[in-house]
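Just so you know, residue 1 is the first one in the sequence shown, and it goes up from there.
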Amino acid sequence: MTAIRPPQPPPTDGLKADSLLVDRTGAVVTLTLNRPEAMNSLTVDLKVALRDTLAELERDRSCRAIVLAGAGGAFSGGQDLREHAALLESGSTDLNTVQVHYNPIAQRLASMPKPVVAAVRGMAAGAGASFALLADFRIGGPSTRFLMAFANVGLAGDSGVSWSLPRIVGHARAVELLMLAQPVKADEAYRIGLLSQLLEDDEQVLPAAQELAARLAAGPTVAYGAIKRELSIGDAGTLSDALAAEAQAQSICGATADHQAAVSAFLNKQKPVYEGR
């Protein structure tokens with residue numbers, strides 16, 4: 001079993017953290033799952049690096065948007081089954097990676113108070129698909145595939161898929177995708193909402209994701225974070241819950257410098273400059 005490393009220092013330009021690449025361009029940080037020889041499957045090392053880096057970026061006010069990508073020809077094949085099999089063969093019964101790794105990553109992605117864009121080239125399977133579905137935007141190309149592979153290895157869904165998938169495709173389609181566990185090709189993924197945007201060229205997926213992230217990073221990111229919180233409550237709560245969340249969000253956003261700058265720019269027929277505060 002791969003040793004768990006201590007939390008990494010805050011990401012800097014071009015930082016390479018073994019199986020996770022962290023690259024900063026302006027206010028956009030691109031996180032690249034970097035195990036292309038294994039379809040970027042998720043080892044303990046990679047899961048810890050992703051979990052801890054997301055926690056750092058959540059606190060990093062200079063980071064205003066995140067791109068999540070995979071190296072090579074796949075986004076992520078999900079759990080590394082070779083590592084998992086070794087744990088099973090060792091007789092370990094304390095396979096707590098869901099609580100220790102997957103749940104914290106899923107929570108960070110879903111509640112990140114800044115936009116997250118997934119560049120989904122090639123296969124996104126199992127927990128890899130779950131992570132992509134928790135992004136605010138998902139951009140793919142002709143090679144993109146989604147596979148809710150959990151049932152194929154005798155497991156239920158994890159990493160937030162039972163929360164995200166029915167919100168995107170509806171309950172009945174979520175049952176079908178999780179129980180039948182068959183690949184969804186790019187065109188169908190776009191049609192049912194697994195992809196936000198489908199490009200004609202795989203090589204343009206990452207640049208397009210980074211371009212969108214840069215556009216979002218230049219926007220009112222405090223408001224974007226508030227919108228995400230509103231929707232997480234409004235999707236599952238009552239109207240009263242939604243109204244209370246909206247009132248709280250507007251109270252926060254109305255006090256920001258971004259709101260004041262936008263109002264002033266509107267009155268002066270200028271383009272607002274947002275600073276994310």
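To the nearest 0.5 angstrom, E246 atom CD is 11.5 Å from C253 atom SG. The CD atom of Q210 sits 7.5 Å away from atom CG of D23, with the distance rounded to the nearest 0.5 Å. How far CD of E56 is from SG of C63: 11.0 Å, rounded to the nearest 0.5 Å. With rounding to the nearest 0.5 Å, the separation of CZ in R61 from OG1 in T221 is 9.0 Å. Rounded to the nearest 0.5 angstrom, F137 CZ and L216 CG are separated by 5.0 Å.
A donor-acceptor pair is defined here as one N or O able to donate and one able to accept, closer than 3.5 Å; no such pair exists between the side chain of D158 and the backbone of V98. In terms of modelled atom types and a separation under 3.5 Å, the side chain of T25 and the main chain of V28 share no donor-acceptor contact. Side-chain N or O atoms of K228 include none that pairs as donor or acceptor with a backbone N or O of S111 at under 3.5 Å. Side chain of S196 to backbone of I139: no donor-acceptor contact under 3.5 angstrom is found. With hydrogens and angles disregarded, no donor-acceptor distance shorter than 3.5 Å links the side chain of R108 to the backbone of T53. Between the side chain of T32 and the main chain of A71, no donor-acceptor pair closer than 3.5 Å is present. For S159 (side chain) and Y102 (main-chain N/O), no donor-acceptor pair under 3.5 Å exists by modelled atom type. For the pair D258 (side chain) and E275 (backbone), a donor-acceptor distance under 3.5 Å is present. For the pair N40 (side chain) and A74 (backbone), a donor-acceptor distance under 3.5 Å is present. A donor-acceptor pair is defined here as one N or O able to donate and one able to accept, closer than 3.5 Å; no such pair exists between the side chain of R145 and the backbone of A125.
Within the 4.5 Å cutoff, the side chain of L42 has no heavy atoms near those of the D80 side chain. For the pair P142 and E200, the minimum side-chain heavy-atom distance is 4.5 Å or more. R64 is not listed as a side-chain neighbour of Y224, based on a closest heavy-atom distance of 4.5 Å or more. Using a 4.5 Å heavy-atom threshold, the side chains of Q248 and E230 count as separate. Contact annotation: the side chain of V161 never approaches that of L134 to less than 4.5 Å [non-hydrogen atoms, C-beta and beyond]. Under the 4.5 Å side-chain criterion, counting only non-hydrogen atoms from C-beta, L54 is in contact with L31. Side-chain contact between T144 and F75: absent, with no pair of heavy atoms (C-beta onward) separated by less than 4.5 Å. For the pair E203 and R121, the minimum side-chain heavy-atom distance is below 4.5 Å.
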Let's go through L20 and L33 carefully: what are the C-alpha distance in whole Å and the side-chain angles of both, what is the deciding distance for side chain to side chain contact (heavy atoms under 4.5 Å, CB included) to 0.1 Å, and is it a yes or a no? CA-CA 5 Å; L20 182 69; L33 310 178; 4.0 Å; yes
Audit row: K47, V100, side chain to side chain contact (heavy atoms under 4.5 Å, CB included) steps and yes/no: CA-CA 9 Å; K47 287 179 284 189; V100 174; over 6 Å; no
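Applying the 6.0 Å contact sphere to CD of Q107 captures no more than 12 heavy atoms from other residues, nucleotides or ligands. Atom CD of E176 has more than 12 heavy atoms from other residues, nucleotides or ligands within 6.0 Å. The environment of CD in E211 is sparse: at most 12 heavy-atom neighbours from other residues, nucleotides or ligands sit within 6.0 Å.
Checked by atom type, the side-chain pair R35/S41 shows a donor-acceptor distance below 3.5 Å.
Under the 4.5 Å side-chain heavy-atom criterion for ILVMFWY residues, no single connected hydrophobic cluster contains both V222 and V29. Neither V67 nor V116 shares a network with the other; the hydrophobic side chains, linked directly or stepwise wherever heavy atoms of I, L, V, M, F, W or Y lie under 4.5 Å apart, form separate groups for each. Both L46 and F131 are part of a single hydrophobic cluster, where members link through side-chain heavy atoms under 4.5 Å apart.
Closest heavy-atom contact between P272 and A262: CB-CA, 3.8 Å. Considering all non-hydrogen atoms of both residues, V184 and L194 come closest at CG1-CD1, 4.2 Å.
With respect to the salt-bridge test (charged N to carboxylate O, under 4.0 angstrom), the residues R82 and E37 do not qualify.
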